[in-house]
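All remarks here apply to the structure that follows.
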Amino acid sequence: MNILIINAHKFYSYSKGELNKFLFNSIKSYYELANDVKTTIIEQGYDVKKEIEKYKWADVIFFQSPVNWYNIPYSFKQYIDEVYVGGDFYAKAEKYGRGGKFTDKKYMLSLTSAASIKEYTSTDGFFNIRSIDDIFIGFHKTHEYCGMKKLDTFVVYDVFHNIEIEKVKMDLINHLTSLRDML
């Protein structure tokens, strides 16, 4: 299987991306022994044509990103705007949103969130019982528009408190293992 892993963390002085890098590297380590793996670290720069070729090559794309203002970092949005071009990712279709060219591809979103899970799951939480996938509907619809199939999202909540890195790693491995039959 051909695996593409994107690290979309945006460096800030207060958030250096260590957890996102750890998760990115853990996904890479999990798959690279039995699969072909390519990676992109957006902050290190990228060549648009090479990125398009990576997507064409990939069977599964993993996106590692922090939650920035209830969305992806602006540099990740810029990457999508530059790389996801008509003709390569999608074409005109009789019905809106049905011209995706990557119908044989799957993707997984892996996120790090400062908010605790309670903020999403409780009626008095900030998100008022909206899941992370509800918050990221635009991201998911973008990929559906390109024809890709969504795999279950992985999230590390409350990243500035109570992080047990070994538990996070085991949770990620368990999550990736649970996807085996879907790949």
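Computed from a prediction, not measured in an experiment: that's the story for all the values here. No hydrogens, no waters, no symmetry mates; every other heavy atom, side chains included, goes into these values. One-based numbering along the sequence shown.
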- Task: Could you walk me through whether Ile27 and Val37 pass side-chain contact (heavy atoms from CB on, under 4.5 Å), step by step?
- Result: CA-CA 10 Å; Ile27 295 168; Val37 175; over 6 Å; no
Mark yes or no for whether [X], through its side chain, and [Y], through its backbone, hold a donor-acceptor pair below 3.5 Å.
X: Asp59; Y: Asn2; value: yes
X: Asn7; Y: His9; value: yes
X: Asn174; Y: Asp171; value: no
X: Lys101; Y: Gly87; value: yes
X: Lys10; Y: Glu43; value: no

Could you see if [X] belongs to whatever hydrophobic cluster contains [Y]? Use Ile, Leu, Val, Met, Phe, Trp, Tyr and a side-chain cutoff under 4.5 Å.
X: Phe22; Y: Ile5; answer: yes
X: Ile72; Y: Trp69; answer: yes
X: Leu109; Y: Leu19; answer: no
X: Ile3; Y: Phe24; answer: yes

- Task: Could you list the residues that satisfy ring pair (Phe, Tyr, Trp, His ring centres under 6.0 Å) with Phe63, not counting sequence neighbours?
- Result: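 Expected list: Phe76, Phe139, His143.
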- Could you tell me which residues satisfy ring pair (Phe, Tyr, Trp, His ring centres under 6.0 Å) with Tyr46, sequence neighbours excluded, listed by chain and number?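 With neighbours one apart ignored, the set is Tyr79.
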Distance (rounded to the nearest 0.5 Å) between [X] [atom1] and [Y] [atom2]:
X: Ile6; Y: Ile80; atom1: CD1; atom2: CD1; result: 9.5 Å
X: Thr153; Y: Met108; atom1: OG1; atom2: CE; result: 7.5 Å
X: Leu172; Y: Ser110; atom1: CG; atom2: OG; result: 6.0 Å
X: Glu166; Y: Glu164; atom1: CD; atom2: CD; result: 10.0 Å
X: Asn25; Y: Asn20; atom1: CG; atom2: CG; result: 11.0 Å
X: Lys149; Y: Lys105; atom1: NZ; atom2: NZ; result: 11.0 Å

- Tyr31 and Phe62: aromatic ring centres closer than 6.0 Å?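 Tyr31 vs Phe62: aromatic centres under 6.0 Å.
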Could you tell me whether the side chain of [Y] reaches within less than 4.5 Å of the side chain of [X], counting heavy atoms only?
X: Asp158; Y: Ile117; value: no
X: Asn35; Y: Val60; value: no
X: Lys169; Y: Ile165; value: no
X: Thr112; Y: Gln64; value: yes
X: Ile61; Y: Phe102; value: no
X: Val155; Y: Val67; value: no

Heavy-atom pair of closest approach, residues [X] and [Y]:
X: Pro73; Y: Ala8; result: CG-O, 3.5 Å
X: Ala93; Y: Gly99; result: CB-N, 3.5 Å
X: Phe154; Y: Val168; result: CZ-O, 4.1 Å
X: Trp57; Y: Leu4; result: CZ3-N, 4.3 Å
X: Leu111; Y: Pro66; result: CD2-O, 4.4 Å

List for me each residue that meets side-chain contact (heavy atoms from CB on, under 4.5 Å) alongside [X], sequence neighbours excluded, and say none if there are none.
X: Asn71; answer: none
X: Phe127; answer: Tyr70, Ala115, Glu119, Tyr120, Arg130, Ile135
X: Lys118; answer: Ser116, Ser122

- Item | Lys150 NZ: over 12 foreign heavy atoms closer than 6.0 Å |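 It does: Lys150 NZ has more than 12 such atoms within range.
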- Quick one: do Ile132 and Tyr157 satisfy side-chain contact (heavy atoms from CB on, under 4.5 Å)? Show the steps, please. CA-CA 10 Å; Ile132 197 83; Tyr157 295 98; 4.1 Å; yes
- Any ion pair linking Glu144 and Lys141 (charged N to carboxylate O, less than 4.0 Å)?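 Here Lys141 pairs with Glu144 in a salt bridge, since their nearest N and O are under 4.0 Å apart.
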- Going by an N to O cut-off under 4.0 Å, is there a salt bridge joining Lys50 and Glu53?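 A salt bridge is absent here (no side-chain N lies under 4.0 Å from a carboxylate O).
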- Message: Taking ring-ring contact (aromatic ring centres under 6.0 Å, His included) as the criterion, tell me which of Phe89, Tyr90, Tyr84 meets it with Tyr145.
- Response: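 Only match with Tyr145 under ring-ring contact (aromatic ring centres under 6.0 Å, His included): Tyr90.
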Pair up each side-chain donor or acceptor in residues 175-183 with any protein partner under 3.5 Å, not counting sequence neighbours, and list the distances.
unit_1 : atom_1 : unit_2 : atom_2 : d
His175 : NE2    : Asp152 : O      : 2.9
Thr177 : OG1    : Tyr30  : OH     : 3.0
Thr177 : OG1    : Ile173 : O      : 2.8
Ser178 : OG     : His175 : O      : 2.6
Arg180 : NH2    : Tyr30  : OH     : 3.2

- Test salt bridge (Lys or Arg N to Asp or Glu O under 4.0 Å) on Lys54 and Glu51 and set out the steps. CA-CA 5 Å; Lys54 286 180 187 179; Glu51 291 305 300; 3.1 Å; yes
